[in-house]
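In what follows, a single structure is set out as structure tokens and then discussed.
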Amino acid sequence: MSAPKPADPAPGTALTGRVVLADANSFFASCEAVFNPSLADRPVVVLSNNDGCVVARNRPAKALGITNGTPWFTIRERALQDGVVARSSNYELYASLSRRMMAIMAHFLPNQEVYSIDECFMDSIWNDKRTVEICRELRAAVLRSTGIPVSVGVAPTKTLAKVANHWAKDHPSTEGITLWSQVEAQYGDQALASVPVDQVWGVGRRLTGRLMGMGITTALNLRDADPSLIRHRFSVMLQRTVLELRGRPCIEPEADAARGVRTDQILCSRMFSHPIEGYTTLAQALSIYAQKACRRLRRQHGLCGKVRVFCSTSPYAPQQFCAVGRTVVLEDPSDDPLVIAGAASRALKGRVDPHARWIRAGVVLLDLTDADHFHTLEGLDAARDTHGLGDVLEDATRRFGPFRVGVGYGGIRGKGRGDEDTGADWAMNRCMLSPRSTTRWDEMAVVQAR
DNA sequence: TCTGGGGTCCTAGGACCC
DNA sequence: TCTGGGGTCCTAGGACCC
């Protein structure tokens, strides 16, 4: 008979350590207010590309009952009457402020894992008291240097740190910082009982429906569910969630998150401002998307082995929904914009209905490998961009701006100020774009002293 | 008229091998 | 007549996240 197995060592996180999750409050809306302080107290919503759906809103906008994902055109009139300010999403500004915010936070705590544009995990080896002091300094530094308010949750696991972070946002008395151990000490199981199961990290709409059917409606119910039953009926991922709610760390740091660069696939897709028809226009869009994707590929020193392209008609249109996709296997892995854009723009030739009304198209780069470690037999090397075209394009883009030069259809240049404004009439609408005050000399904020 | 974009991980099932 | 079992790899699809 074997000795009883010791408890599995917790991956990723020391058992005595604390997971710290810092997450910006209404990040996109907060960014909009940084250079326009008059927005701070007004309801603000930020719209998806093409000014389609609401993707972010600040507290006053939430109080008006506006939810994420709502198509803007369905609420525009009412919202404007209510004094709502709408903005097109300005990712260039958000990404710039995000980088500053992350860099500042990294000074305060170790092992930063940038999880998304507005949040990061960190570790604290300090006791509760010292951890709170550090988090307080961190919040103040980010606010002072970027104008972005952040909330902080501290717990033994990532899933509980998420819960604690929500708690901090929902309870002003916490002043933006919540230690889960304190909440538990004060409220016991009532704390998790007050969290609906669909708010738990890792539980989406589908799972919520199935869990409800089993009588699991709160985070507390989920925590107390049988882990092996959950694994059997759902998946190993939800089982991990159960264990994490019990305070046992099971979610490893994302392998490459710390380096923040390498991904397994690169996707560039867009909706058009209006439906387009015909292969030529489609090929033009695909060529441009492929070049954007290729720039990202080169930035992460990657090569791609396959190029997938797809396009689809509107699921809301009265006509039959139609989606077409094709994956092209490259002869050799490549980072050459001529090869990749060429493959993308030719992929659908002869395969699309010339009368279909396409509203979206995209390019995915797959089978990514690391260019720095790509070796093969003599004479069978990757189709590297040996003529240096990619570097020239990158350099020209840096110096003269996007879409001044490109391959194939990629060089067309339009009239507007958006990156996305290729000049093609199908390029997306961004009617309410704020200035990119941190990345464009000609859009810097102007301050007047009186 | 007008409904986003970019990722990750897991699983089931088929092909293939010995 | 009797027709196995276990492994790997790949892919498509489904779920999730922000």
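Here is the naming used below: chain letters follow the sequence lines, and residue numbers restart at 1 for every chain.
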Practice item. Assess whether atom CD of A/E277 is packed by more than 12 heavy atoms of other residues, nucleotides or ligands within 6.0 Å. Key: yes

Review point. Tell me: CG of A/L207 to P of B/dT11, nearest whole Å?
Key: 13 Å

Check your understanding: Contact class for A/R231 vs. all strands (heavy atom < 4.0 Å): base, sugar-phosphate, or nothing?
Key -> nothing

Study note, to complete from the structure: To the nearest angstrom, the CG-P distance between A/L366 and B/dC9 comes to 14 Å

Practice item. In whole angstrom, give the distance that lies between atom CZ of A/R240 and atom P of C/dC17. Key: 15 Å

Exercise for review: Of all the heavy-atom pairs spanning A/V34 and A/I148, show the shortest one and how long it is.
Suggested key: CG2-CD1, 3.8 Å

Practice item. Fit a plane to each ring of A/Y289 and A/F272, take the angle between them on a 0 to 90° scale, and name the class: parallel (under 30°), tilted (30 to 60°) or perpendicular (over 60°). Key: parallel

Point to revise | Identified stems (criterion: three or more consecutive Watson-Crick or G-U pairs, under 3.5 Å), DNA chain C | key: B:5-18 with C:5-18

Check your understanding: Along nucleotides 1-7 of chain B, 5' to 3', which nucleotides get a B, which get an S, and which get a -, given that the test is a protein heavy-atom distance under 4.0 Å?
Key -> -BBBSBS

Review point. Does the pair A/V152 and A/L21 meet the rule for a side chain to side chain contact (heavy atoms under 4.5 Å, CB included), with working shown?
Key: CA-CA 6 Å; A/V152 183; A/L21 172 64; over 6 Å; no

Check your understanding: Does A/K162 pair with A/E119 as a salt bridge, N-O distance under 4.0 Å?
Key -> yes

Check your understanding: Do A/I117 and A/F28 have side chains that get closer than 4.5 Å, going by heavy atoms?
Key -> yes

**Study point:** Length of the CD-P vector between A/Q199 and C/dC17, whole Å
**Key:** 11 Å

Point to revise | Mutual orientation of the aromatic rings belonging to A/Y91 and A/Y94 [parallel < 30°, tilted 30-60°, perpendicular > 60°] | key: perpendicular

Practice item. Determine the contact category for A/D118: base if any of its heavy atoms lies under 4.0 Å from a base atom, sugar-phosphate if only primed atoms, P, OP1 or OP2 are that close, otherwise nothing. Key: sugar-phosphate

Point to revise | A/K162 vs C/dC16: side-chain N/O to OP1/OP2 distance below 4.0 Å | key: no

Review point. Can a donor-acceptor pair be found between the side chains of A/R59 and A/S26 at a distance below 3.5 Å?
Key: no

Check your understanding: Rounded to the Å, how far apart are A/Y115 OH and C/dC16 P?
Key -> 13 Å

Check your understanding: If you measure from the Lys or Arg side-chain nitrogens to the Asp or Glu carboxylate oxygens, is any gap between A/R139 and A/E175 under 4.0 Å?
Key -> no

Exercise for review: Check every strand shown and say whether A/V54 touches a base, only sugar-phosphate, or nothing at a heavy-atom separation below 4.0 Å.
Suggested key: nothing

Practice item. Figure out the CD/P separation between A/E119 and C/dC17, and round it to whole Å. Key: 11 Å

Study note, to complete from the structure: Whole-Å distance, A/E244 CD to C/dC17 P, equals 14 Å

Check your understanding: Which whole-number value in Å describes the distance from A/K158 NZ to C/dC17 C1'?
Key -> 13 Å

Check your understanding: How far does the C1' atom of B/dC17 sit from the matching atom of C/dG4, given to the nearest Å?
Key -> 14 Å

